[in-house]
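Presented below is the structure to which this report refers.
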Amino acid sequence: MNENQCATCGSRNKSVFCHLVDADLKQIDAKKVCNFYEKGQHLFVQDTPVNGVFCVSSGKIKLVQTDPNGKETILRIAKGGDVLGHRSMLAHSNYRATATALEKVEVCFIDKKYFSEVISSKPSVSLELLEKLSDSLGDSERRLTAFTKESVKERVAGFLLYLNRSFGKEDPTGRRYLDIKLTREEMASMVGTAPETMIRTLSQLKKDGMISQEGKRMFIENVDELLDLSGIGD
C-alpha cells in the first residue's frame, strides 16, 4: 500500500481529486504509484509515449519543450496539486514536453487506463481537469499576447508577479520573497528573451526598488510598481 494517502496529502485541495470522498480516494491509493525525484531527474521526456499522468504531491517541476532546431522553451512550472501529462493523454499523442524536477519532488503516477476510468465515472474530476485545461489555455494566450505586444521589461515584471502569486512567501519580517530557485537562463526562457537581457532588466528593477536580492533569495519590494509596469493592473 502507498504510504502517501490522497486523503491526507497536503496538496489534495489543489488537485483534480479535491471533491472526491475518502472511499473514492482509497481506490486511487490502491492504483497509484508514488515516487521521489531528485533535482535534475526527468519524470518523462518529450516525444515519448504517454503511459499515464503524474499528480504532484510536493516540489516544483519545469516543463520544457524543444523545437526541431534544439531551442528549449520552459512552458510552465508545476507545483503541488498540479497534474502532468493529461493534455497529451487526452489528445492521444506523445508527451509534448520534458518534465524535470527543479528540486526534490514527490509525485504519484496513475496509469492512463485507470485515469480514463476515473474521468468517466467521476464528474467532479472531469470538471476540475477542464478548469485546469482552461487556465492553462488562458495562460498560453496571455503569454503569446505579451510576446507580441509588450517590451521585455513589461514581460519580466509580469513574470515576477506570476512567481509571486504562485511561489511567493513571507519571511519573519513580513517581506515577500520568491520560494523558487530558477537560473537566469530559465527565467529568460520563460520570458522569451536572452539571458543577458534578463540580467540587465533585473538589475534595472533592483535599481528602481521593485525587487532586491539577498544571497540567492529574491524579494518583491513593490508589487504596485510591478503591476503598473506590467500593465496587469490596468
Side-chain angles (χ1 to χ4, degrees), residues 9-16 18 36-43 54-65 72-84 97-108 128 131-132 135-140 142-143 146 152-193 195 198-199 201-203 205-206 209-227 229-233:
C9 177
S11 298
R12 173 187 174 183
N13 291 335
K14 303 173 186 175
S15 79
V16 296
C18 60
F36 287 96
Y37 293 83
E38 299 296 331
K39 180 179 179 180
Q41 286 188 305
H42 299 321
L43 283 72
F54 297 79
C55 188
V56 184
S57 178
S58 63
K60 304 175 187 70
I61 300 163
K62 65 177 179 180
L63 281 298
V64 179
Q65 191 172 74
E72 295 184 347
T73 301
I74 299 179
L75 301 178
R76 66 187 179 105
I77 306 295
K79 58 185 183 302
D82 287 341
V83 177
L84 306 178
T98 297
T100 306
L102 285 171
E103 59 191 28
K104 186 173 183 178
V105 299
E106 184 175 11
V107 182
C108 296
E128 289 293 331
E131 184 175 328
K132 287 185 179 295
D135 289 343
S136 179
L137 179 60
D139 288 341
S140 296
R142 285 190 290 272
R143 190 173 180 181
V152 172
K153 194 172 183 180
E154 290 171 329
R155 297 204 304 269
V156 171
F159 175 64
L160 292 173
L161 290 168
Y162 153 73
L163 292 180
N164 186 41
R165 290 192 305 272
S166 301
F167 307 104
K169 290 188 177 181
E170 291 188 357
D171 70 4
T173 66
R175 294 174 67 200
R176 294 285 294 181
Y177 68 92
L178 303 181
D179 186 31
I180 183 171
K181 295 179 181 178
L182 295 172
T183 66
R184 295 299 183 259
E185 289 78 11
E186 289 170 333
M187 296 177 75
S189 174
M190 295 196 72
V191 171
T193 189
M198 171 61 74
I199 292 171
T201 304
L202 290 175
S203 295
L205 293 178
K206 291 175 187 176
M210 298 185 201
I211 62 174
S212 64
Q213 190 94 27
E214 295 180 11
K216 293 185 178 181
R217 179 171 288 184
M218 183 178 291
F219 287 85
I220 302 297
E221 301 292 359
N222 197 318
V223 171
D224 290 337
E225 287 192 15
L226 285 173
L227 283 168
L229 176 58
S230 69
I232 295 176

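As a basis for the values below, the full set of heavy atoms in this structure was taken, side chains included, without hydrogen atoms, waters or symmetry mates.
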Heavy-atom closest pair, residues [X] and [Y]:
X: Gly209; Y: Glu221; value: O-CB, 3.4 Å
X: Ala157; Y: Leu226; value: CB-O, 3.8 Å
X: Ala78; Y: Asp82; value: CA-OD2, 3.3 Å
X: Gln41; Y: Glu38; value: OE1-N, 2.7 Å
X: Val56; Y: Ser11; value: O-CB, 4.0 Å

Measure from the side-chain N and O atoms of [X] to the backbone N and O of [Y], and report whether any donor-acceptor pair falls under 3.5 Å.
X: Arg184; Y: Ile199; answer: no
X: Thr183; Y: Glu186; answer: yes
X: Ser189; Y: Glu185; answer: no
X: Arg217; Y: Tyr177; answer: no

So [Y] and [X], do their side chains get closer than 4.5 Å, heavy atoms only?
X: Phe167; Y: Leu178; value: no
X: Thr193; Y: Thr201; value: no
X: Ile220; Y: Leu163; value: no
X: Glu170; Y: Arg176; value: yes
X: Val105; Y: Phe54; value: no
X: Leu202; Y: Met218; value: yes
X: Glu225; Y: Leu229; value: no

Crowding at NZ, Lys153 (>12 non-hydrogen neighbours, <6.0 Å):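 Result for NZ/Lys153: enclosed.
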
Let me confirm one number: the [atom1]-[atom2] distance from [X] to [Y], rounded to the nearest 0.5 Å.
X: Lys39; Y: Lys60; atom1: NZ; atom2: NZ; answer: 11.5 Å
X: Lys181; Y: Glu103; atom1: NZ; atom2: CD; answer: 8.5 Å
X: Thr100; Y: Leu43; atom1: OG1; atom2: CG; answer: 8.0 Å
X: Glu106; Y: Cys55; atom1: CD; atom2: SG; answer: 10.5 Å
X: Leu227; Y: Leu161; atom1: CG; atom2: CG; answer: 5.0 Å

Tell me whether Arg175 is salt-bridged to Glu214, with the criterion being a basic N under 4.0 Å from an acidic carboxylate O. yes

